[in-house]
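Below, each value reflects all heavy atoms present in this structure, side chains not excepted, and no hydrogens, waters or symmetry copies. So you know, we letter chains A, B, ... as the sequences are listed, proteins then strands, and number each from 1.
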There are 2 protein chains.
Amino acid sequence: MEYVRDGAEIYRRSFATIRAEADLSALPGDVARVVVRMIHACGMVDLAGDVGFSPGVVSAARAALRAGAPILCDAEMVAAGVTRSRLPAANDVICTLRDPAVPALAQRIGNTRSAAALDLWGDRLAGAVVAIGNAPTALFRLLEMVEAGAPRPAAVVGIPVGFIGAAESKEALSVSGLEHLVIRGRRGGSAVTAAAVNAVASEEE
Amino acid sequence: MEYVRDGAEIYRRSFATIRAEADLSALPGDVARVVVRMIHACGMVDLAGDVGFSPGVVSAARAALRAGAPILCDAEMVAAGVTRSRLPAANDVICTLRDPAVPALAQRIGNTRSAAALDLWGDRLAGAVVAIGNAPTALFRLLEMVEAGAPRPAAVVGIPVGFIGAAESKEALSVSGLEHLVIRGRRGGSAVTAAAVNAVASEEE
């Protein structure tokens, strides 16, 4: 069969296609580079039009990672998608969703397991890079915790996906005062979220 | 903050929204149920219009899983997205991408690591459910192996994503004679692929 078998060449051609087709003109350079990688992960160049961000998000997240901050993920798929070789400080990649304490905790706080899992992040939240790519309830819970005085993360990649609460949770993050990167609306997910973390972690394309 | 905190209620409302908005009329019932779950994973109801399938794919994949077949994945994210509690026979979920033999193998066969990893599936390919959600080269490689006489899988969920080879590899799967489920074009990815496997694995919504 006829197809491109060279991984580096596939990357080059993919990124060239994205830069030719996507309208990145509204984005600062560092955000645009992250968005190119997010588009690469989902195959949709029009994603660029739904990006929301705070101007300092990429530099804040990158500085935190270089200083050794952990990456706190809401879902195992997000954690699995973070390319460890791109991390500048062998950073911890943490997902507490499968912790045995989570089901009882969810029942006690009257929320989903995805939301309850955040309560186990504890002091690691201070200065962390948070990557929420699945559950709107996890993003809402994060905002509640920060409002209630929890330690503030350095940056939040908040890109939950779906039909109930996804758009609303990302709107709430956008006006939270936290450094943030979102895809407005229903779209998002673990692959795009992990791609954003991977792009922030290293300037290498 | 005001948001729905009950996981079961979120599922119910999400699936009701999808069934109200998505045009599933061209799909047989068992495929439509799988596509609802795939849409749930990506937030895009228009995904239904790009679905390609062989009529027997859901029943073939379900029968294979019930008989204990393994799920062979091209990417760790796909494997991470398979909900183990939905599997009917505590099925193995296998991804060989991080096997230490893969880099040298990739160099020897002149292909990507994602493609080379399939050479380690060996006899497990016979009657397996294959789930390719990331790399077009992995799907092309699978088709080459089967053409060359490798054991045939029971079904292939083939939904790689991206700009170089994704659409073409899914077209090639569609005419391969294998039981298959695809999303035509550039869209796809590990979340949608894992969702399809999860839907096939159990009839529970």
Side-chain angles (χ1 to χ4, degrees), chain A residues 1-7 9-18 21 39-45 75-81 106 109-115 133-137 140-141 143-144 147 160-169 172 185-192 194, chain B residues 1-7 9-18 21 39-45 75-81 106 109-115 133-137 140-141 143-144 147 160-169 172 185-192 194:
Chain A
M1 290 182 185
E2 280 299 315
Y3 60 97
V4 187
R5 290 168 166 75
D6 175 353
E9 178 66 13
I10 292 168
Y11 263 98
R12 263 193 305 276
R13 291 197 201 178
S14 298
F15 283 48
T17 302
I18 294 165
E21 291 187 22
I39 290 172
H40 179 250
C42 69
M44 299 180 289
V45 296
E76 294 288 345
M77 285 190 80
V78 177
I109 68 172
N111 209 321
T112 65
R113 281 178 292 155
S114 292
N134 184 48
T137 52
F140 277 125
R141 181 74 181 164
L143 298 174
E144 287 177 341
E147 264 192 22
V161 61
F163 297 88
I164 304 299
E168 296 82 354
S169 67
R186 291 171 169 179
R187 290 191 294 181
S190 47
V192 169
Chain B
M1 289 182 188
E2 281 299 315
Y3 61 98
V4 187
R5 292 169 165 76
D6 176 352
E9 179 66 14
I10 292 168
Y11 264 97
R12 264 192 304 277
R13 290 197 201 178
S14 297
F15 282 47
T17 302
I18 294 165
E21 291 187 21
I39 290 172
H40 179 251
C42 70
M44 299 180 289
V45 296
E76 293 288 344
M77 285 190 81
V78 176
I109 68 173
N111 209 322
T112 65
R113 280 178 293 155
S114 292
N134 185 47
T137 51
F140 277 125
R141 180 74 181 165
L143 298 174
E144 287 177 341
E147 264 191 24
V161 61
F163 298 87
I164 303 299
E168 295 83 354
S169 67
R186 291 171 170 179
R187 290 192 294 182
S190 46
V192 168

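Taking CD1 of B:Ile164 as the start and CZ of A:Arg12 as the end, the distance is 11.5 Å to the nearest 0.5 Å.
Using a 4.5 Å cut-off between heavy atoms, B:Ser190 contacts chain A through both its backbone and its side chain. The parts of A:Glu144 that come within reach of chain B are both its backbone and its side chain, each placing non-hydrogen atoms under 4.5 angstrom from that chain. Of the atoms belonging to A:Glu21, it is side-chain heavy atoms, and not backbone ones, that fall under 4.5 Å from chain B. In this structure, chain B has no heavy atom under 4.5 Å from any part of A:Ala115. Using a 4.5 Å cut-off between heavy atoms, B:Ala41 contacts chain A through its backbone alone, with no side-chain atom that close. In this structure, chain B has no heavy atom under 4.5 Å from any part of A:Ala79. For B:Glu147, the part lying under 4.5 angstrom from a heavy atom of chain A is the side chain only. Proximity to chain B is limited to the side chain of A:Ile18, based on heavy atoms less than 4.5 angstrom apart.
In the displayed structure, A:Arg186 atom CZ is contacted under 6.0 Å by more than 12 heavy atoms of other residues, nucleotides or ligands.
Between chain B and the residues A:Arg141, A:Met44, A:Glu76, the largest count of heavy-atom pairs under 4.5 Å involves A:Met44. Among the candidates A:Gly165, A:Cys42, A:Gly189, A:Ala166, the residue making the largest number of heavy-atom pairs closer than 4.5 Å to chain B is A:Cys42. Per-residue heavy-atom pair counts under 4.5 Å with chain A were compared for B:Val78, B:Leu143, B:Asn134, and the maximum is reached by B:Leu143.
Under the rule for a side chain to side chain donor-acceptor pair (under 3.5 Å), the partners of A:Thr112 that lie at least two apart in sequence or sit in another chain are A:Thr137. By the ring-ring contact (aromatic ring centres under 6.0 Å, His included) test, A:Phe163 is found to be paired with no residue, residues two or more places apart in sequence or in another chain being considered.
By the 4.5 Å heavy-atom criterion applied to side chains, B:Tyr3 and A:Asn111 are counted as neighbours.
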